[in-house]
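Written below as structure tokens is the structure these notes are about.
The basis for the numbers below is simple: all heavy atoms, side chains too, and nothing from hydrogens, waters or symmetry mates. All chains are named by letter (A, B, ...) in the order of the sequence lines, taking the proteins before the strands, and each is independently numbered beginning at 1. In this text, all values refer to a predicted model and were calculated from it rather than measured experimentally.
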Number of protein chains: 2
Amino acid sequence: MRELCLTSGLCPADLARAETMVHARRRIKRNEVLFNGGETFNSVFAIRTGFFKSSVIDKEGREQVTGFNMSGELLGMEGIGTGQYEATAIALEDSEVCMMPFALIEEMSHELRPLQRHLHTMLAREIVRDHGVMMLLGSMRAEERLAVFLLNLSQRFTVRGYSQSEFYLRMTREEIGSYLGLKLETVSRVFSKFQESGLVTVQQKHIRIIDIPGLRKMAGQNG
Amino acid sequence: MRELCLTSGLCPADLARAETMVHARRRIKRNEVLFNGGETFNSVFAIRTGFFKSSVIDKEGREQVTGFNMSGELLGMEGIGTGQYEATAIALEDSEVCMMPFALIEEMSHELRPLQRHLHTMLAREIVRDHGVMMLLGSMRAEERLAVFLLNLSQRFTVRGYSQSEFYLRMTREEIGSYLGLKLETVSRVFSKFQESGLVTVQQKHIRIIDIPGLRKMAGQNG
DNA sequence: CGCCAACTTGATGGCTGTCAAGTCAGGTGG
DNA sequence: CCACCTGACTTGACAGCCATCAAGTTGGCG
């Protein structure tokens, strides 16, 4: 986890200091809101365990899921810009987060170069990730989108020591659809089609990837 | 311009120091590349004058325009994360940029709090902007997308002291389409339809917005 | 003046959305 | 323990939006 979190790459002494940033640990139950869009921004949250979705809601009431977040990732950073959280973060399973007041982070990043650098890296990485999603939404067809989505999940689970090929989805078809710019029926249909093609097996939220190269090809990421 | 750039909100003395960050000014001609995706990241660029497009290219060769950038905005920030530029930035008209080595920015943001804060704000703002585009690509129809696009351009021109209702597009229909997740023919058709509806007049790249409230309604942003 | 890129417009088709009906699984209460 | 109930999911039929293919127009530039 430390690899992904704000405190990576610090020497032990600095690490101890940096950990004073953590103002509180909080347990969040499934379906509980961590923060809501529009609320005053104070803290960034590092996910210790669990699984979240982030989404924004426009004036029409349309929800757009902007990301699914797992251990080691940061939540709420985008609030720096306006002083209020832009997105809403909801736990999709019982989770635990570290709450880090952003004022403290800025304070300490003055003294600890690696921390400052890491903060920048995390922000920039989020931008790069969003550009990937824009590419997906702007120019891929439904099958490509879902293939990319599954491979991305697989890869992130792998990094965390879970199975590369077998996992439970924490989100509904509708949430996947919102993230991918598809309707839930389309998501369901593409899952079925992948199963018929022998790429995966799907039993509700239980996914097993059978043919990773095949999925990669489907995703347009040959190799 | 200072309002939008990295040096906003500094007192005159700090401002003088901050300006030493500017390592060089560069003139970029129309269609010239400022930096290419994959090149080593060294500097962030602040646009002094002109107009750019940023785009990423995937392994399939598909181009996705990730943004159009005008004076006061920063280019290249997303390279912080990986050490190389992710996107390609191309001038759509003769432009002028300030080149600021990122190492210098980090250095100085150690000493100048407002600068550090501003850097974070700019990064976070980019994330928020990208989420808006994700919403647009994920859940809006063609007419809504183009209406949002025109209103956004209008608003940004207004901030810079140009006309709210009349401007020249610097980009082609294809580039607009890439940004909005549409084909160029669709962009053209929607322009024509807006014209028939009396919302705008379109003559090639010359746009005049006739009915801003009407466009807002079309964009689903009533009011 | 001619060429070419950019743009417009029309005809057609396909992907995905919409609407609808039915299935499945998990949780709750009797 | 089982029946029920509800939310999540699947599947089918159909429609609509946008992509695709194609032809023609415009405007800028050498």
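- Comparing C:dC7, D:dA19, D:dC9 against the side chain of B:Arg173 picks out C:dC7 as the nearest.
- If you check every strand for non-hydrogen atoms under 4.0 Å, A:Leu184 touches a base.
- Using a 4.0 Å cut-off, no side-chain N or O of B:Ser188 falls inside it from OP1 or OP2 of C:dC7.
- To the nearest angstrom, P of C:dT16 lies 20 Å from CE of B:Met140.
- Backbone-only contact: B:Gly181 has heavy atoms under 4.0 Å from sugar-phosphate atoms and none from a base.
- Rounded to whole angstrom, the span from the CD atom of B:Gln195 across to the C1' atom of C:dT8 amounts to 11 Å.
- Side-chain atoms of B:Glu63 and B:Ser55 include a donor-acceptor pair closer than 3.5 Å.
- Between A:Ile176 atom CD1 and D:dC9 atom P the separation is 7 Å, expressed in whole Å.
- No hydrogens or angles were tested; on distance alone, nothing pairs the side chain of B:Glu185 with the base of D:dC18 as donor and acceptor under 3.5 Å.
- Using a 4.0 Å heavy-atom cutoff across all strands shown, A:Arg189 reaches at least one base atom of the nucleic acid.
- With B:Arg170 contributing its side chain and B:Tyr168 its backbone, the two residues share a donor-acceptor pair below 3.5 Å.
- At whole-Å resolution of the value, CD in A:Glu175 and P in D:dG7 are 15 Å apart.
- Out of C:dG17, C:dC15, D:dC18, the shortest distance to the side chain of A:Leu182 is found at C:dG17.
- Between A:Gln204 and B:Gln204, the one whose closest nucleotide on DNA chain C sits nearer the 5' end is B:Gln204.
- The separation between A:Lys205 atom NZ and C:dA25 atom P is 13 Å, rounded to whole Å.
- Note: NE2 (B:His206) to C1' (D:dT26) measures 17 Å, nearest angstrom.
- When rounded to the nearest whole Å, the span between CZ of B:Arg170 and P of C:dA6 equals 17 Å.
- The distance between atom CD of A:Gln203 and atom P of C:dG26, rounded to the nearest whole Å, is 11 Å.
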